[in-house]
Novice: 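Input: one structure, supplied below.
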Amino acid sequence: MSVRVSAMSVLPPVRRDRIIAQLPQYFRKDAALHIKEDFNNKVKTACQEQRTGTVGRFKISKVIVVGDLAVGKTCLINRFCKDAFDKNYKATIGVDFEMERFEVLGVPFSLQLWDTAGQERFKCIASTYYRGAQVVIIAFDVNDVASLGHVRQWLEDALKENDPTAVQLFLVGTKKDLSSPAQYSQIEQDALKLAQEIRAEYWAVSSLTGENVKEFFFRVASLAFETNVLAELEKSGSRQIGGIVRINSTSNNAYASSKKKQPNCCQ
Ligand SMILES: Nc1nc2c(ncn2[C@@H]2O[C@H](COP(=O)(O)OP(=O)(O)OP(=O)(O)O)[C@@H](O)[C@H]2O)c(=O)[nH]1
Ligand SMILES: [Mg+2]
């Protein structure tokens, strides 16, 4: 805990282009974690009254990005964190991570973005870092049907190390710039269907052009933040009335009400 506090205190202030004042909207209404237009009212009030508990002080949310080799995981993170794009492929060996600091509804909030290796030979190193993820991003290449076909396996591997009911899941199609509108809409149908089945929020992005990259990460940060604050509120509420209230950290998840257990859970 002390390490986290000191790490936060030496970090530079939040960048002006990381300030989130409105809830960023979903990419596709039919595959969204929720479709509300604004942040939860309880969350907004708690932020105004600075009652967000550990969120805003030393809470850091872990995000893991998984998916086949060369689908563009590293490029996605680099486009967002460094506004850079490298057309040469350099395989990630094991894992890398980046810290991104946001300010959501006036409250500081950090994401730790873990970029993992897709190559089979590095997977066993990478998978040891999956544990403790609040958000799982599964990337596939919209020009490569096989990479979409492997999404369920990636999900299964990521959920082995995590509580499936507590994880927020995103399915991201990459390299949108390389596909024609006709090709794209064909794979999008399959991707939307899969997203609904695994209860993930679907996005399509291009790290080359930057299309939807910032919007996507803002959405991830906002939904992770909202869930964290709600969990804090339920925790403090349950303390006040003797700890009987059940904490449901996925209560703002549209998919959560339908079925509790992930179909691919292998625990
Ligand atoms: N045209 C285009 N190329 C991309 C895009 N994103 C990534 N690439 C290219 O795809 C290749 C692989 O990208 P990476 O980001 O290294 O892939 P990765 O998923 O991190 O691969 P591993 O680390 O091996 O798992 C590189 O040559 C990138 O330049 C994109 O949005 N558009
Ligand atoms: Mg990589």
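Along the sequence shown, residues are numbered consecutively beginning with 1. One-based numbering, in listed order, for ligands and for the atoms of each.
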Novice: Hydrophobic cluster membership, with links at side-chain heavy-atom distances under 4.5 Å among I/L/V/M/F/W/Y: are Y184 and V71 in one?
Specialist: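 No; tracing contacts between hydrophobic side chains, which count when under 4.5 Å, never links both residues.
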
Novice: What protein heavy atom is closest to atom 24 (O) of ligand 1, reported as residue, atom name and distance in Å?
Specialist: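 Of the protein heavy atoms, Y89 OH, 2.4 Å lies nearest.
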
Novice: Once rounded to 10°, what is the value of the angle centred on the Mg ion (ligand 2) between T92 OG1 and T74 OG1?
Specialist: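 So the angle at the metal works out to 90°.
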
Novice: Can you tell me if CD on Q186 sees more than 12 non-hydrogen neighbours from other groups inside 6.0 Å?
Specialist: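 It does not: Q186 CD has 12 such atoms or fewer within range.
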
Novice: Looking only at side-chain N and O atoms, does S61 offer a donor or acceptor that is under 3.5 Å from a partner on Q112?
Specialist: no

Novice: Which atoms of ligand 1 are found less than 4.0 Å from any heavy atom of S206?
Specialist: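 Result: 31 (O).
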
Novice: Report yes or no: does T92 contribute a side-chain atom to a donor-acceptor pair with the main-chain N or O of V95 at less than 3.5 Å?
Specialist: no

Novice: Is the F80 to F217 ring centre distance short of 6.0 Å?
Specialist: yes

Novice: So which heavy atom in the protein is nearest atom 11 (C) of ligand 1, and how far is it from that ligand atom?
Specialist: K175 NZ, 3.9 Å

Novice: Regarding ligand 1, does C75 bring an N or O atom to under 3.5 Å of one of the ligand's N or O atoms?
Specialist: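 N/O-N/O distance under 3.5 Å: yes.
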
Novice: Using a 4.0 Å heavy-atom cut-off, say whether T74 meets ligand 1 through its side chain, its backbone, both or neither.
Specialist: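 It is both parts that get close, each with some atom under 4.0 Å.
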
Novice: Does V71 reach ligand 1 with a nitrogen or oxygen that is under 3.5 Å from one of the ligand's nitrogen or oxygen atoms?
Specialist: yes

Novice: Is it the side chain, the backbone, both or neither of T174 that has a heavy atom closer than 4.0 Å to ligand 1?
Specialist: neither

Novice: Suppose we measure from atom 19 (O) of ligand 1 to each protein heavy atom; which comes out shortest, and what is that distance?
Specialist: K73 NZ, 2.8 Å

Novice: Using every non-hydrogen atom in the two residues, find where A91 and Q119 come nearest and quote the distance to one decimal.
Specialist: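 Closest heavy-atom pair between A91 and Q119: CB-NE2, 3.3 Å.
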
Novice: Where does A139 meet ligand 1, judged by heavy-atom distances below 4.0 Å: at the side chain, the backbone, both, or neither?
Specialist: neither

Novice: Quick check on contacts: which atoms of ligand 1 are under 4.0 angstrom from a heavy atom of G118?
Specialist: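 Going through ligand 1 atom by atom, the ones under 4.0 Å from G118 are 22 (P), 25 (O).
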
Novice: Show, in sequence, the C-alpha distance, side-chain angles and deciding distance for E197 and K193, and conclude whether the salt bridge (charged side-chain N to carboxylate O under 4.0 Å, His left out) test is met.
Specialist: CA-CA 6 Å; E197 282 166 16; K193 196 161 157 273; 3.8 Å; yes

Novice: Given G94, S207, S179, which has its nearest heavy atom closest to atom 31 (O) of ligand 1?
Specialist: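 Shortest heavy-atom distance from atom 31 (O) of ligand 1: S207.
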
Novice: Checking side-chain polar atoms at under 3.5 Å, does D141 have a donor or acceptor matched by the opposite partner on T174?
Specialist: no

Novice: Roughly how far, to the nearest 0.5 Å, is the CD atom of Q153 from the CD1 atom of I138?
Specialist: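 If we round to the nearest 0.5 Å, I138:CD1 and Q153:CD are 10.5 Å apart.
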
Novice: Under a 3.5 Å threshold, yes or no: a donor from one side chain and an acceptor from the other, between E201 and H34?
Specialist: no

Novice: Identify the protein heavy atom lying closest to atom 21 (O) of ligand 1, giving its residue, its atom name and the separation to 0.1 Å.
Specialist: A70 N, 2.9 Å

Novice: Over 60° means perpendicular and under 30° means parallel, so classify the ring planes of F170 and F216, tilted if in between.
Specialist: perpendicular

Novice: Any non-hydrogen atom of N88 lying under 4.0 Å from ligand 1?
Specialist: yes

Novice: Pairs of nitrogen or oxygen atoms closer than 3.5 Å, one from L208 and one from ligand 1: do any exist?
Specialist: yes

Novice: What protein heavy atom is closest to atom 29 (O) of ligand 1, reported as residue, atom name and distance in Å?
Specialist: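 Nearest protein contact, heavy atoms only, for atom 29 (O) of ligand 1 is D86 O, 2.7 Å.
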
Novice: Can you tell me how the ring of F225 sits relative to the ring of F39, calling it parallel under 30°, perpendicular over 60° and tilted otherwise?
Specialist: perpendicular

Novice: Below a 4.0 angstrom heavy-atom separation, can you tell me which part of D177, side chain or backbone, both or neither, approaches ligand 1?
Specialist: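 Side chain only.
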
Novice: Indicate yes or no for a side-chain donor-acceptor contact from E161 to the backbone of A158 under 3.5 Å, with no hydrogens or angles considered.
Specialist: no

Novice: Is any N or O atom of L178, backbone or side chain, closer than 3.5 Å to an N or O atom of ligand 1?
Specialist: no

Novice: Tell me: protein heavy atom nearest atom 27 (O) of ligand 1, and distance?
Specialist: K87 O, 2.9 Å

Novice: List the closest protein heavy-atom neighbour of atom 17 (O) of ligand 1: residue, atom name, distance to the nearest 0.1 Å.
Specialist: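 Its nearest protein heavy-atom neighbour is G72 N, 3.2 Å.
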
Novice: Against heavy atoms of A117, which atoms of ligand 1 measure under 4.0 Å?
Specialist: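 Listed by number with element: 25 (O).
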
Novice: Please confirm whether F85 approaches ligand 1 to less than 4.0 Å, judged on its heavy atoms.
Specialist: yes

